[in-house]
Amino acid sequence: LSTTLALIGLSVIAMAWANYVNLSITRTKRRFKEIATRRVSGAKVIDMTIQFMVEAAMVNMMAITLALTLIQVIRTPLSTLFGIHVATLSSLSTTSTVTLISIVIVGILATGMYPAIISFGIDPQSLFRKGSFSSGRRLLPNIPTTGHFIAAITFILLSSTVFWQINYVLSIDPGFTREGVISINAPVMKPDNYRQIVGTLKKELASLPDVVNASASSQSIDEGRNLAFKKIGADNSMAADALEVDENFATLFELKLIAGRNFLRDDEPTAIIVSREAARKLAFRSVDEAVGSKVLVAPNAGSTFADEC
């Protein structure tokens, strides 16, 4: 997604460059007599190039200065009103700074050298008569227009792709809910009475008037410890992420059970709940067959199976 957004940004810049180059060409056509007079007076290619480059540098520098100023002006309102974070200029990385400077330099070169090349592609007599480009010289003026059209199509396609991706992510059902759930990360170094502390914390949280439920797990719901599982009597095993959870976990995240029941407080510590996909990979013919069955568990795919659940 970040790559797609970066490409969209580059497409917008390319479209802006094409627009400015087209405007520069149009403005150059209105200055044909001025250019012709300078050329007849002895102006060389380098002189005309310097003139257009200075003009392009001034326009590009004013544009980038105004853009950076607007970004800093709207940074605080965006953060306060919409929660959108905009990085400050001082926090930009070296790569971002070099990229920004490169964009400015390329913009100056693209919008400065191009009109100079166009103006020197016509003889002074035609410039005095304000003549149009000959048929053999129409390719170069059409390059910005064609590039603009390509950039516009690219921008539309990339924007549509981003929209579909975001819409898919927002509409897909992950199988659990995080709405209203607050996660508290456990410390890395845990004391010996850690489980007792967690149990006390859960009771205190559950007693609060605004708390509906409290649960504890070994990892976040979208993480897990990789374990190996194997059906008793089967030759092949499967690897899957597993969480150590309590009896409130499934209720807290509104996990829907296809078959069987949720954990109970007095369940054996070896009791497990498997997903539909895990039951299929464990070679159970149905989810109902998996209920009450026993599987072997190992720390990872390369370990020896010793525990029975």
Side-chain angles (χ1 to χ4, degrees), residues 168-188 190 192-309:
Y168 174 76
V169 171
L170 294 178
S171 61
I172 191 174
D173 182 12
F176 61 88
T177 180
R178 284 185 178 274
E179 185 176 355
V181 177
I182 299 177
S183 298
I184 302 176
N185 294 327
V188 177
K190 300 177 177 59
D192 296 335
N193 60 339
Y194 173 71
R195 291 184 179 274
Q196 180 181 355
I197 295 175
V198 171
T200 303
L201 177 62
K202 286 169 52 181
K203 292 180 181 179
E204 292 181 357
L205 291 175
S207 64
L208 297 176
D210 296 329
V211 175
V212 178
N213 201 348
S215 175
S217 61
S218 56
Q219 281 90 20
S220 174
I221 189 172
D222 51 0
E223 299 175 352
R225 175 188 174 192
N226 189 266
L227 298 178
F229 298 86
K230 184 172 71 172
K231 182 181 179 182
I232 297 179
D235 296 329
N236 299 324
S237 62
M238 59 155 288
D241 290 334
L243 301 176
E244 181 182 354
V245 302
D246 60 14
E247 67 278 4
N248 298 326
F249 187 83
T251 305
L252 178 66
F253 288 98
E254 299 181 2
L255 298 176
K256 298 178 182 179
L257 299 180
I258 303 173
R261 62 170 175 81
N262 189 16
F263 295 117
L264 299 177
R265 181 182 296 273
D266 298 327
D267 274 337
E268 294 293 330
T270 55
I272 62 173
I273 297 177
V274 298
S275 64
R276 184 200 299 269
E277 183 65 15
R280 184 187 67 81
K281 291 184 177 180
L282 286 170
F284 289 108
R285 288 172 293 184
S286 65
V287 292
D288 293 325
E289 182 186 357
V291 176
S293 300
K294 294 184 178 181
V295 296
L296 300 177
V297 182
N300 51 64
S303 302
T304 303
F305 290 89
D307 298 330
E308 184 177 295
C309 297

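Numbers here are sequence positions counted from 1.
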Under the side-chain hydrogen bond (donor to acceptor under 3.5 Å, both in side chains) test, residues paired with [X] that sit two or more places apart:
| X | answer |
| --- | --- |
| Arg280 | Glu277 |
| Asp241 | none |
| Arg195 | Glu244 |

Determine all donor-acceptor pairs shorter than 3.5 Å in which one atom belongs to a side chain in residues 282-292; sequence neighbours excluded.
from, atom 1, to, atom 2, distance (Å)
Arg285, NE, Glu289, OE1, 3.4
Ser286, OG, Glu289, N, 3.3
Glu289, OE1, Arg285, N, 2.7

Residues forming a side-chain contact (heavy atoms from CB on, under 4.5 Å) with [X], sequence neighbours excluded:
| X | answer |
| --- | --- |
| Ala234 | Lys230, Lys231 |
| Glu247 | Phe263, Arg265 |
| Val198 | Tyr194, Lys202, Ala216 |
| Leu208 | Leu205, Val211 |

Salt bridge (charged side-chain N to carboxylate O under 4.0 Å, His left out) against [X], all qualifying residues, sequence neighbours excluded:
| X | value |
| --- | --- |
| Glu204 | none |
| Lys281 | none |
| Arg225 | none |

### Message
Test of understanding: with ring pair (Phe, Tyr, Trp, His ring centres under 6.0 Å), list the residues that count as partners of Phe253, not counting sequence neighbours.
### Response
Phe249

### Query
About how many Å separate CG of Leu296 and CG of Leu227, when rounded to the nearest 0.5 Å?
13.0 Å

### Task
Can you see which heavy atom on Leu257 is nearest to which on Ile273, and at what distance?
CD2-CG2, 4.2 Å

### Message
If I compare all heavy atoms of Ser215 with all of Leu252, which pair ends up nearest, and what's the gap?
### Response
CB-CD2, 3.7 Å

